[in-house]
Amino acid sequence: MPRHLYGPDHEAFRASVREFVERTLRPRAEQMLEVKSIDRDIWKEAGKQGLFGLDIPEELGGAGADDYRFNAVAAEEVAAFSFAVSSCFGIHSDVCPPYIVDLGTQEQKERWLPAMANGDKICAIAMTEPSGGSDLAALRTTAVRDGDHWILNGSKTFITNGYQADLVIVAARTDPSKGAKGITLFMVEDGMDGFSRGRKLDKVGQEESDTAELFFEGVRVPDANRLGEEGMGFVAMMQRLPQERVGAAVANTAHAFQILRETIEYTKDRKAFGQPVGSFQHNKFKIAELVTKLEVTQAYVDDCIQAHAERKLSPVDAAKAKWWSAQVQNDVLDECVQLYGGYGFMNEYRVARAWRDARVSKIWAGSNEIMKELIGRDLGL
Ligand SMILES: Cc1cc2nc3c(=O)[nH]c(=O)nc-3n(C[C@H](O)[C@H](O)[C@H](O)COP(=O)(O)OP(=O)(O)OC[C@H]3O[C@@H](n4cnc5c(N)ncnc54)[C@H](O)[C@@H]3O)c2cc1C
């Protein structure tokens with residue numbers, strides 16, 4: 001089905017991202033799986049290619065694109081290659097920069113954004129804690145003022161890019177008596193005393209992404225590293241979650257589409273009982289259903305991309321796009337595995353890894369249940 005939201009500039013950018021994927025990412029696909037992370041030189045190459053600076057003003061080393069459709073194009077192309085790489089790049093380029101661009105002082109912007117745009121410094125965002133991620137307002141990491149510093153204590157878990165990150169946006173409690181209004185954001189930098197990381201977490205999928213636990217033991221963070229006003233961290237996170245969620249929806253849909261396309265080709269070649277497996281009526285109808293489901297999902301996600309580009313996307317619509325696309329992605333990939341038969345269960349086949357990689361989309365960045373909670377609340381329920 002033709003898509004209407006992209007113009008020639010977006011398609012030209014798509015061609016350059018695709019070229020980057022083929023030149024830099026695809027030859028390293030196996031290596032990334034082996035080392036369970038994305039090597040620094042790949043980050044730098046992606047920075048050179050202009051993948052990381054879309055939300056960063058030109059005078060600070062970015063593209064200053066100010067058009068979310070470019071972010072969506074980058075996410076689509078990278079997710080079609082690897083859902084894991086798109087999550088790592090997405091956190092660094094799509095989720096983190098707006099915090100610094102919107103909330104940072106001029107000095108903070110100059111200190112961090114150019115190095116993020118060119119891929120020299122990798123950024124992560126740490127909200128989730130071992131005690132819970134859904135109930136963000138209940139987080140326990142503390143930051144206590146000590147003159148012109150803050151002393152951070154606590155831990156975070158499941159942090160994408162956590163193992164490699166040079167910069168981590170950390171949500172911490174600065175006032176225990178104020179609930180959600182007692183949370184503040186800090187930029188913790190690699191090498192600060194008391195800041196350490198656990199091993200790369202052993203996940204069921206997404207081997208290429210480094211996901212880690214982070215520990216803060218009496219870390220002295222200068223007040224100059226406080227991001228935004230004291231007590232405004234929770235509001236800042238809530239305001240920026242729609243971008244994270246529409247980005248997730250874009251990646252979910254692109255990833256499922258790509259694997260479905262590959263599956264359709266497979267079912268044309270693979271024969272059983274003397275005919276292509278895709279030509280059995282059951283399979284043909286199943287594939288017809290999957291294509292329809294994805295195209296309908298794409299239409300809704302496209303509307304959300306367009307709305308976000310015009311700064312009109314509501315948090316509730318972003319929540320709808322996120323949970324629905326995650327559900328569809330998982331349904332589609334499960335059927336794709338089925339269509340591959342036994343090969344679909346073999347790790348050497350992309351479809352098997354894609355199926356494992358996708359499972360987390362119903363959990364992270366606000367689980368499907370939390371998305372439905374937000375939608376239900378909006379309905380006055
Ligand atoms: C691979 C990976 C990468 C991640 N990357 C990051 C990252 O970069 N930064 C970061 O901060 N976090 C990250 N996360 C954490 C992720 O956002 C959390 O796992 C998620 O928000 C859920 O929190 P939780 O795991 O503590 O589950 P819990 O909050 O313990 O929830 C457990 C279950 O209860 C359900 N539940 C909870 N509350 C309700 C409710 N009110 N109504 C109905 N059901 C409910 C949940 O939906 C879930 O099914 C990542 C997680 C993974 C697995």
Side-chain angles (χ1 to χ4, degrees), residues 36-38 79 82-99 122-141 154-173 180 183 185-188 197-216 227 233-234 236-238 240-245 247-248 251-252 255 318-319 322-323 326-327 329-330 353-378 381:
K36 295 193 186 305
S37 65
I38 304 164
S82 155
F83 197 49
V85 176
S86 86
S87 76
C88 295
F89 282 7
I91 290 283
H92 173 77
S93 66
D94 215 29
V95 176
C96 293
Y99 283 88
I122 300 170
C123 198
I125 181 157
M127 308 179 195
T128 306
E129 304 192 345
S131 58
S134 301
D135 187 2
L136 207 49
L139 61 83
R140 297 177 184 174
T141 295
S155 64
K156 299 283 178 181
T157 195
F158 309 143
I159 305 308
T160 303
N161 300 335
Y163 196 77
Q164 289 203 88
D166 306 281
L167 305 166
V168 186
I169 301 171
V170 177
R173 181 164 300 291
I183 294 172
L185 301 178
F186 297 92
M187 195 66 117
V188 173
R197 308 148 207 254
R199 64 196 159 83
K200 289 177 197 164
L201 294 170
D202 182 16
K203 310 188 292 294
V204 301
Q206 304 214 0
E207 280 95 338
E208 311 94 307
S209 74
D210 79 63
T211 311
E213 270 185 290
L214 308 179
F215 304 101
F216 310 99
L227 212 45
F234 188 79
M237 290 187 283
M238 292 304 113
R240 279 153 198 85
L241 279 171
Q243 172 145 327
E244 180 166 2
R245 288 174 181 159
N252 296 344
H255 180 238
K322 185 189 177 277
W323 89 260
Q327 190 64 50
Q329 174 196 27
N330 275 268
R353 290 205 304 273
W355 174 66
R356 293 192 283 110
D357 289 352
R359 184 59 184 84
V360 74
S361 69
K362 296 198 282 184
I363 299 171
W364 66 14
S367 66
N368 279 18
E369 292 74 31
I370 294 299
M371 297 303 97
K372 291 175 194 175
E373 179 61 33
L374 296 176
I375 298 161
R377 248 186 254 164
D378 185 62
L381 299 169

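We count ligands from 1, going down the list as the structure has it; atoms in each ligand are counted the same way.
- Looking at N161, T128, I125, it is I125 that brings a heavy atom closest to atom 9 (N) of ligand 1.
- Each of K200, K36, K203 was evaluated against S209; a single residue qualifies, K203, per the side chain to side chain donor-acceptor pair (under 3.5 Å) test.
- Among protein heavy atoms, atom 2 (C) of ligand 1 sits closest to W364 CE3, 3.6 Å.
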Q206 vs T211, side chain to side chain donor-acceptor pair (under 3.5 Å): CA-CA, chis, key distance, verdict: CA-CA 9 Å; Q206 304 214 0; T211 311; over 6 Å; no
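- Residue T160 places at least one N or O, backbone or side chain, under 3.5 Å from an N or O of ligand 1.
- Neither the backbone nor the side chain of D135 has any atom closer than 4.0 Å to an atom of ligand 1 (non-hydrogen atoms only).
- Under a cut-off of 6.0 angstrom, the local environment of OH in Y99 is crowded, with over 12 non-hydrogen atoms contributed by other residues, nucleotides or ligands.
- The closest side-chain donor-acceptor pair between E213 and S155, if any, does not fall under 3.5 angstrom.
- When the heavy atoms of A212, G133, A126 are ranked by distance to atom 24 (P) of ligand 1, first place goes to G133.
- I370 CD1, 3.7 Å is the protein heavy atom nearest to atom 38 (N) of ligand 1.
- The protein heavy-atom contact nearest to atom 43 (C) of ligand 1 is E369 CB, 3.7 Å.
- At the shortest separation from atom 20 (C) of ligand 1 among protein heavy atoms lies I363 O, 3.5 Å.
- Annotation for ligand 1: atoms under 4.0 Å from non-hydrogen atoms of V360 are 1 (C), 52 (C), 53 (C).
- Where the criterion is an N or O separation shorter than 3.5 Å, residue side chain and backbone included, S134 meets it with respect to ligand 1.
- Between H255 and F83, the angle of the ring planes stays under 30°, which puts this pair in the parallel group of the 30/60° scheme.
- By the criterion of a heavy-atom distance under 4.0 Å, the side chain of S367, and not its backbone, is placed next to ligand 1.
- Of all the heavy atoms of A365, the ones lying under 4.0 Å from any atom of ligand 1 belong exclusively to the backbone.
- For ligand 1, the polar-atom distance check finds an N/O of M127 within less than 3.5 Å of one of the ligand's N/O atoms.
- Atoms of ligand 1 found under 4.0 Å from any heavy atom of G132 (numbered from 1 in listed order, with element): 26 (O).
- Geometrically, ligand 1 and F158 share a nitrogen or oxygen pair separated by less than 3.5 Å.
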